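Step one of this worksheet: look at the structure below.
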Amino acid sequence: MRGLFITLEGGEGAGKTTQAHRMKEYFELQGREVILTREPGGTPEAEKIRALLVQRDGGNWTPTAECFLFFAARVMHVETLIKPAVAEGKIVISDRFTDSTVAYQGYGHGFDLNVIEQVRQIALGDFEPDLTFVLDLPVKEGIKRSMAQKAVASGAENTEDRFEKLDTSFHERLRHGFLEIAKFEPKRVKVIDATQGVDGVFKKISKELSMLLHA
Ligand code: Z5A
């Protein structure tokens, strides 16, 4: 059976992690082997880079350096985990991938989209996900969900908050960025209305998954 690489994208609290687990159950019920992973991270080396990028004391990177760090982590992730697993017929589901760099560093922070594309070409060539879901949610709703989640988990201090401290206008640019990516690549990127409940969102996702499996 053909392996697949599927990514989940979207702003803070959009429900990517929740839907990644639902997707895993869906494929496993069909007898498929699934690997859930995330970016930045996913391999021991890339998780070390994650700590530099997302933790509040991880360092003050220039935009160019930050872009290279995201792609350094991504190359390790793709070469040592994603490609080998897909070659073995497994389904790899990643919570974020290159579209997050385009949306956060490019649309969000204003880093040159052409430079991101050049670095992407050097790092990944023509490798890309078979299918990407952008979970789309009004910014306020995403932040509300994310804050509620943190309130529940308030026992353990969360230091992975470097991007979450950004203002509302940043999150609006981010949302616009993800929608633009989907507009440019409608075949690969599917926008899912994430305002519904978990089951409603998954119903839309599973429709796309079924089409992919029977393509
Ligand atoms: N970043 C970057 O800048 N550039 C890059 O290239 C990459 C990343 C790859 C780490 O991301 C940070 O790195 C991220 C972008 C930056 N910064 N931010 N923000 P992360 O993926 O580790 O963290 P995150 O984006 O903040 O994810 P999250 O908070 O884990 O959100 P989520 O996975 O989308 O949502 P969730 O955990 O599934 O759900 C959030 C809460 O909502 C939870 O309580 C759920 O039970 C609830 N939920 C979920 N779905 C629903 C529905 N449908 N209805 C109601 N409630 C729901």
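Indexing begins at 1, ligand by ligand and atom by atom, following the structure's order. None of the values given here were measured: they were computed from a predicted structure.
The heavy atom nearest to atom 40 (C) of ligand 1, considering only Gln19, Gln196, Gln149, Arg22, is found in Gln149. Nearest to atom 32 (P) of ligand 1 by heavy-atom distance, out of Arg145, Lys16, His171, Glu9, is Lys16. When the options Gly10, Gly13, Ala103 are ranked by their closest heavy atom to atom 31 (O) of ligand 1, first place goes to Gly13.
Considering backbone and side-chain N/O of Glu39, none are found under 3.5 Å from N/O of ligand 1. Some N or O of Gly15 is nearer than 3.5 Å to an N or O of ligand 1, by distance alone. Ligand 1 has no N or O atom lying under 3.5 Å from any N or O atom of Val201, backbone or side chain. Geometrically, ligand 1 and Arg96 share a nitrogen or oxygen pair separated by less than 3.5 Å.
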Go through the steps for Phe133 and Leu209 under the test side-chain contact (heavy atoms from CB on, under 4.5 Å), then give the verdict.
CA-CA 10 Å; Phe133 294 107; Leu209 294 179; 3.8 Å; yes
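Among Glu45, Glu47, Arg38, Glu39, the one residue that satisfies the side chain to side chain donor-acceptor pair (under 3.5 Å) test with His77 is Glu39.
A side-chain donor from one of Thr7 and Thr132 sits under 3.5 Å from a side-chain acceptor of the other.
In Arg50, the part holding a heavy atom less than 4.0 Å from any atom of ligand 1 is the side chain. Neither the backbone nor the side chain of Ala148 comes within contact range of ligand 1; no heavy atom lies under 4.0 Å.
The Arg74 neighbourhood of ligand 1 comprises atoms 6 (O), 9 (C), with distances under 4.0 Å to a heavy atom of that residue. Each of the atoms 5 (C), 6 (O) of ligand 1 lies under 4.0 Å from some heavy atom of Thr101. Every atom of ligand 1 is numbered from 1 in the order shown, and the set under 4.0 Å from a heavy atom of Ala14 is 34 (O). Counting atoms of ligand 1 from 1 in the listed order, those under 4.0 Å from a heavy atom of Val198 are 50 (N), 51 (C), 52 (C), 53 (N). The atoms of ligand 1 that sit less than 4.0 Å from any heavy atom of Gly197 are 53 (N). Counting the atoms of ligand 1 from 1 in the order shown, those under 4.0 Å from a heavy atom of Gln105 are 2 (C), 3 (O), 4 (N), 5 (C), 6 (O). Set against the non-hydrogen atoms of Val54, the atoms of ligand 1 under 4.0 Å away are 12 (C), 13 (O).
Legend: residues meeting side-chain hydrogen bond (donor to acceptor under 3.5 Å, both in side chains) with Arg96, ordered by chain and number and at least two apart, are Ser100, Tyr104.
Although no hydrogens or angles enter the test, the distance criterion places no donor-acceptor pair under 3.5 Å between the side chain of Trp61 and the main chain of Phe68. The closest donor-acceptor contact from the side chain of Thr80 to the backbone of Met76 lies under 3.5 Å. No donor-acceptor pair under 3.5 Å is formed between the side chain of Asp130 and the backbone N or O of Ile6. Panel note: side chain Glu66, backbone Asn60; no donor-acceptor pair is recorded below 3.5 Å. With hydrogens and angles disregarded, no donor-acceptor distance shorter than 3.5 Å links the side chain of Arg173 to the backbone of Gly106.
Residue contacts with ligand 1 leave out Arg38, since none of its heavy atoms falls under 4.0 Å from the ligand.
Cation-pi geometry between Arg120 and Phe71 is not satisfied (NZ or CZ under 6.0 Å from the ring centre, within 45° of the ring normal).
Within a 6.0 Å radius of CE in Met147, other residues, nucleotides and ligands contribute 12 heavy atoms or fewer.
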